[in-house]
Structure formats: structure tokens, C-alpha cells
2 protein chains.
Amino acid sequence: MARKENIQNIARRKEQIIKAAITAFARTGLKGTSMNDIVRESGLSKGAIYWYYKSKDELISDLLKEFFDPEEIKKVGEVLVTGTALERLEKFIGYTIEEMNKMQRFRPVLQELFVIASRDQKIRKMAKRDFRVGVALLQSVIEYGVKSKEFRKVDPNMVAIAIFEIIEGTALFWSLDLMDVDFEKQMREGINLILDGIKVEK
Amino acid sequence: MARKENIQNIARRKEQIIKAAITAFARTGLKGTSMNDIVRESGLSKGAIYWYYKSKDELISDLLKEFFDPEEIKKVGEVLVTGTALERLEKFIGYTIEEMNKMQRFRPVLQELFVIASRDQKIRKMAKRDFRVGVALLQSVIEYGVKSKEFRKVDPNMVAIAIFEIIEGTALFWSLDLMDVDFEKQMREGINLILDGIKVEK
DNA sequence: ATTCATAGACCGACCGGTCGGTTTATAACG
DNA sequence: CGTTATAAACCGACCGGTCGGTCTATGAAT
């Protein structure tokens, strides 16, 4: 027999290509980036890229998994099972801010994926699943707070979505450099505004 | 004498082209829509469109003014000078919801403009000016509420931005069909959550 | 141990087609 | 007739994708 297929190497190469693609996409947008741009950015040849991905669409499909990965947020959920509701929320917010900072450069790509999602049912479904996992996570923390009498009786789903709106809204305004204030501060204070309204006075 | 330049007619034609462009862009995106698509949608010829706009970029530039028009929001400001702070806010929210419903079909175009704005300084400046006018408006209402003792002492700028985040966040989730609840209800309740926290108890 | 055969990994010139934009022809109207 | 307005044919640049070919790791045969 001849040379064996090196699965580990395939994964490494695909990662190399995806990373180059995200960088290029962040710079010039999904449609504005040609395969030749990705070729240049990756340091590989066009033939190599088409060896691993049979089309630009397939490449983008793979890239989507990096952005809409419910598994990752589920892992966060596992950590949110100790402490008061407020402490759990603080942990969640801390994680979110950390993640946002890490992804800042690629935020325009995510925003563009939202646009595509509004036209493409398949992508919209991925975004929806991701959204639902996140909301469910926050919702469970709010529910816990209501049960432990930290929060007054509220609709946990609605509150969870509202907090998510603050998070996504802050990220949007931040990526457009609309606010003069610090992104982390604005996000924390925005969420606290909501929490102030549902906290039970001592 | 030459035929008189019919300014009214030019404006009508331009509007016809812009309207067709927005419709086409909403369907297939800015880059994904060719000039020929716009030609088809408008019912005019390519020559006609290039008679009124000398490039696709110039067309998009004109289109931007429809989406980032500070004058329009300023008009709303003029109406928000009577009643209690809460009544003024209610007026503002009502106007926002009405506007969102009207623009629903074109929301993906706006979202796409945000993406472009994150890469294009000129467009970002337009978005920023629009944002600032809106925030200033909301902020003045909050300030009024603080002065009239309806609201407790809060940072009006921060609260205004938070409300805007709820608005934009709801619009985003709505356009992606992420929420199962009604968009208007979610938006109102999200904002009320914030207001509950800053209202002075009677 | 050396040679050979095979298939995975990779390269870059090239192709058909589409794009934004231009030019040319013609109609409408003063 | 000259000007304004519109339509249609056309252009070069560029795009996604292909394809013939090269290189290299590895098992089989000698």
C-alpha cells in the first residue's frame, strides 16, 4: 500500500486555512475576499486549499462552526452551579467579556454572518441554536435567583433575552466605535441596571 | 433654447433607482447584488442608471442617507417636550417601534451597512453621528426625569445607551427570528426592566 | 538494502463566466 | 437641429474553480 492519509495533518492544515480565511474576511468581508486573497494569507497554494475544501462555500460552512459553537457555551454552564445567583451572573459576564475581547478583531465577520443568517435558513438555524443555548443558560441562573429570593418574581426568559440584548448591543456599538465610554464598563453597568430592577431589597 | 433641466424628474428617477436598489440589496446583499440586478429591479436600463449615478459606490453613498438621517430623528425630538419623563419615553418607544415595523424588510441592509461601517471610516462617521443624535435625545429625556424626581440619580448617558442597546439588540434578534416572543413586547418589557430600576418609588 | 509502484499532498497556469463600467445607437422633445 | 434621456452592445478585470503535473512518504518486490 501507499502513503497513509494523515488525519492529524489534515486537521492542522484545515485550521491553518480557516485561520487565514477569518483574518482575510475580517479585513475585506466575505464577498470582498477572493480565494486568491486567502491563498496569499495562508501561505499555501490554491491547489492545496481546494484539496481540503471543494468550494468557498464549504470553507465558510466550516468557519461557521468556530462562531456558532454551542458546546463551548455549554462548558460555561457547568461552572455556573455554585454561589448566589448574582455570583453566577458575575461569572457569566466575566466570561463573556473575556470572550469578546479575544474575538474583537473578528467581530465584523460575526456581524456579517448575522447578515447572511437573515437570508440563509441553514445558517439561521445554527445561530438560533447557539442563541437558545445561551439564553437557556442565563435563564436558569435567573430562575435560580427567583427561587432563592434574590430576585423578585420576573419572567426569566424575558430577562435573559434582555441581558443578551445588552451584551450584543454593547458589542455592536463597541465594534463601530460609537461609544466614548469603555466597553466593559458600559456592558456591566447596563446589565446592573436590569439587575437593580429585579433585585429584592434587603 | 435647450430643454429645461427637470429637477423634480431627476429626484423622482433617483428615488426610483434607490428604492429598487434597496429592495435588491435586501434580497442578495450589497456585494451579492450586481448593477444588472438593480437594472432588472428598477425596470430601467443600465444606461439610465449610470446617467443618474456614475458608480455603484455613489449609488450606495446616496442610499446611506436614507438609513443614517439625523434630521428625521431630530424631528422626533421636537415632539418630546411635553408630559412626564415616562410619557416622553413612551412616545419615543412608540415611534421607534413604528419605524422598525416600517423598515423590517430592509433591516438586513442596515445590518450590512454596520458591517461596512466597521471597515469604512466615512460610513462609520455617519453612523456615529446618527447614534449620537439618538442617544442625546434619549439622554435629555432621562435628564428631565432625574430633574423632575421621577428617576433616581443615574448617569443619563449610560442609561440612554443601555436603552439603545435593548432596542438594537431586539431588532437584531428579531431580524434573525431568534426569539419566540413578539418583538414589540420584548422590546417594551426590556426597556421597562431598566426603567423599573431607576424609577423613584412613590 | 535498494528499487519500484502507488497515492496523498501540493502547485500555479489557466478557463469560463460575471462584474462594474463604457461606448455607441437611437428616440423624444425643445 | 441640438440636447436630453434611454437602451443595448460591448470591454477588460477579476472571480471561483479546474486541471495537468510534481513531489514525497510509504509499503511491496527484488
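The shown structure was predicted, so the numbers you read here are calculated from the model rather than taken from an experiment. Chain A is the first sequence line, chain B the second, and so forth, proteins listed ahead of strands; every chain is numbered from 1. Quick note: numbers below take in every heavy atom, side chains included, and nothing from hydrogens, waters or symmetry partners.
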**Request:** Verify the contact: side-chain N or O of R13(B) to OP1 or OP2 of dA5(D), cut-off strictly under 4.0 Å; return yes or no.
**Result:** no
**Prompt:** Can you tell me if the side-chain N/O atoms of W51(B) get under 4.0 Å from OP1 or OP2 in dA5(D)?
**Reply:** yes
**Prompt:** Are any of the side-chain nitrogens in E143(B) or K147(B) under 4.0 Å away from the carboxylate oxygens of its partner?
**Reply:** no
**Cationic N near anionic O, under 4.0 Å, E78(B) to K75(B)** = no
For atom [atom1] of [X] and atom [atom2] of [N], their distance in whole Å:
{"X": "Q8(A)", "N": "dG8(C)", "atom1": "CD", "atom2": "C1'", "result": "16 Å"}
{"X": "K56(B)", "N": "dA13(D)", "atom1": "NZ", "atom2": "P", "result": "19 Å"}
{"X": "K31(A)", "N": "dG20(C)", "atom1": "NZ", "atom2": "P", "result": "10 Å"}
{"X": "Y53(A)", "N": "dC10(C)", "atom1": "OH", "atom2": "C1'", "result": "16 Å"}
{"X": "Y50(B)", "N": "dG20(C)", "atom1": "OH", "atom2": "C1'", "result": "5 Å"}

**Prompt:** Which nucleotide in the set dG20(C), dT6(D), dC10(C) lies at the smallest distance from any side-chain heavy atom of Y52(B)?
**Reply:** dT6(D)
**Request:** Output all residues satisfying side chain to side chain donor-acceptor pair (under 3.5 Å) with Y53(A), sequence neighbours left out; order by chain, then residue number.
**Result:** D62(A)
**Asked** Who passes side chain to side chain donor-acceptor pair (under 3.5 Å) against S175(B), sequence neighbours left out?
**Response**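 Checked S175(B) against side chain to side chain donor-acceptor pair (under 3.5 Å); matches are Q111(B).
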**Message:** Could you check whether any side-chain heavy atom of R188(B) comes within less than 4.5 Å of a side-chain heavy atom of I93(B), counting everything from C-beta outward?
**Reply:** yes
**Request:** Establish, for the pair R88(A) and Y144(A), whether the NZ or CZ atom is under 6.0 angstrom from the six-membered ring centre and no further than 45 degrees off its axis.
**Result:**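 Yes; both conditions hold, so R88(A) lies above the ring face of Y144(A).
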**Residues within residues 35-48 of chain B bordering DNA chain C, heavy-atom distance below 4.0 Å** = M35(B), K46(B)
